[in-house]
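What you see is a predicted model, and the numbers here were worked out from it, not measured in a lab. Worth knowing before you read on, the calculation uses all heavy atoms, side chains too, and leaves out hydrogens, waters and symmetry mates.
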Amino acid sequence: MTKDGPKRDRASKPDLVSRDYTIHLSKRTHKITFKKKAPRAVKEIRKFATAAMGTKDVRIDAKLNKFIWANGIRKTPNRVRVRLSRKMNEDEEADEKLYTLAQLVEVTSFKGLQTENVDA
């Protein structure tokens, strides 16, 4: 509690928001055994989304999964542009009221891209 009023908690981020991020996958899967690269890339996207959006429940879109696995288990893409959307959980018995949906954003080049807020 501050003298101005109640202290804002870090977890009280705006509920529903969408942002575009570029994730450097080759940096996150460097020195990983060939047969574990694509599964590790998926785990690293989940980890990134959890840190960026503050939700433990992260759901990966089928297109994003196909993009990661397109060249096989060994040759994952160097970078991927991802749209992370924080959404309300429709299941009443769920532990968390929010979840994050990770979707693929197709781009021709990654040069000069920054994190952008998207109007959903």
Side-chain angles (χ1 to χ4, degrees):
M1 183 94 173
T2 62
K3 61 182 176 183
D4 297 335
K7 184 179 176 184
R8 256 191 90 128
D9 189 16
R10 184 166 186 236
S12 65
K13 294 179 181 176
D15 277 351
L16 307 176
V17 67
S18 294
R19 292 190 200 105
D20 286 353
Y21 292 95
T22 301
I23 303 176
H24 193 180
L25 286 178
S26 63
K27 176 175 80 172
R28 296 166 197 276
T29 59
H30 182 62
K31 290 192 173 182
I32 301 298
T33 307
F34 271 159
K35 293 295 182 178
K36 296 181 182 178
K37 270 206 176 199
R40 175 63 73 94
V42 173
K43 286 176 191 158
E44 289 295 329
I45 290 173
R46 282 186 197 280
K47 190 169 142 187
F48 180 88
T50 300
M53 289 298 193
T55 62
K56 291 179 186 162
D57 186 6
V58 177
R59 300 173 190 179
I60 305 249
D61 189 45
K63 268 189 174 179
L64 177 58
N65 194 42
K66 290 248 188 217
F67 180 76
I68 294 167
W69 284 86
N71 300 330
I73 197 168
R74 293 167 33 149
K75 187 71 176 117
T76 57
N78 287 338
R79 286 181 176 81
V80 63
R81 188 76 172 167
V82 174
R83 175 165 295 147
L84 298 180
S85 306
R86 195 180 305 131
K87 300 190 173 198
M88 295 295 287
N89 211 341
E90 289 142 16
D91 186 17
E92 269 88 45
E93 294 112 29
D95 294 340
E96 294 194 26
K97 64 177 183 172
L98 297 172
Y99 70 93
T100 301
L101 177 64
Q103 297 173 305
L104 176 68
V105 178
E106 294 180 4
V107 292
T108 55
S109 172
F110 293 100
K111 302 281 184 187
L113 292 177
Q114 294 186 344
T115 300
E116 299 174 352
N117 285 328
V118 180
D119 297 328

| ring-ring contact (aromatic ring centres under 6.0 Å, His included) partners of Tyr21, counting only residues at least two apart | Phe48
| query | Among pairs that include at least one residue of residues 38-50, which meet side chain to side chain donor-acceptor pair (under 3.5 Å), considering only residues two or more places apart or in two chains? | reply | none
| query | Checking Arg86 side chain against Met53 main chain: does a donor-acceptor pair fall under 3.5 Å? | reply | yes
| Check against side-chain contact (heavy atoms from CB on, under 4.5 Å), Ile23 and Ile45 | CA-CA 8 Å; Ile23 303 176; Ile45 290 173; 4.2 Å; yes
| said: As a quick check of understanding, evaluate side-chain hydrogen bond (donor to acceptor under 3.5 Å, both in side chains) for His24 and Ser26, giving each step before the final call. | reply: CA-CA 6 Å; His24 193 180; Ser26 63; 2.9 Å; yes
| field | Single-linkage hydrophobic cluster, 4.5 Å side-chain cutoff, Ile73 and Ile68 together | value | yes
| query | Going by the side chain to side chain donor-acceptor pair (under 3.5 Å) test, which pairs reach into residues 92-115, not counting sequence neighbours? | reply | Thr55-Thr100
| request: Determine the minimum heavy-atom distance between Thr29 and Lys37, stating which atoms define it. | output: O-CE, 3.5 Å
| Between NZ on residue Lys35 and CZ on residue Arg74, distance to nearest 0.5 Å | 6.5 Å
| remark: Tested for side-chain contact (heavy atoms from CB on, under 4.5 Å) against Val42, the lone hit among Leu64, Leu25, Ile60 is Ile60
| request: Would you sort out whether Leu98 and Met88 count as a side-chain contact (heavy atoms from CB on, under 4.5 Å), showing the intermediate values? | output: CA-CA 5 Å; Leu98 297 172; Met88 295 295 287; 3.3 Å; yes
| Straight-line distance of Asn78 CG to Lys27 NZ, nearest 0.5 Å | 12.5 Å
| said: Do Val105 and Phe110 land in one hydrophobic cluster if side-chain heavy atoms of ILVMFWY residues count as linked below 4.5 Å? | reply: yes
| field | Verify same cluster id: Leu113, Leu84 (apolar side-chain graph, 4.5 Å) | value | no
| Below 4.5 Å, heavy atoms only, C-beta onward: do Leu101 and Ser18 meet side chain to side chain? | no
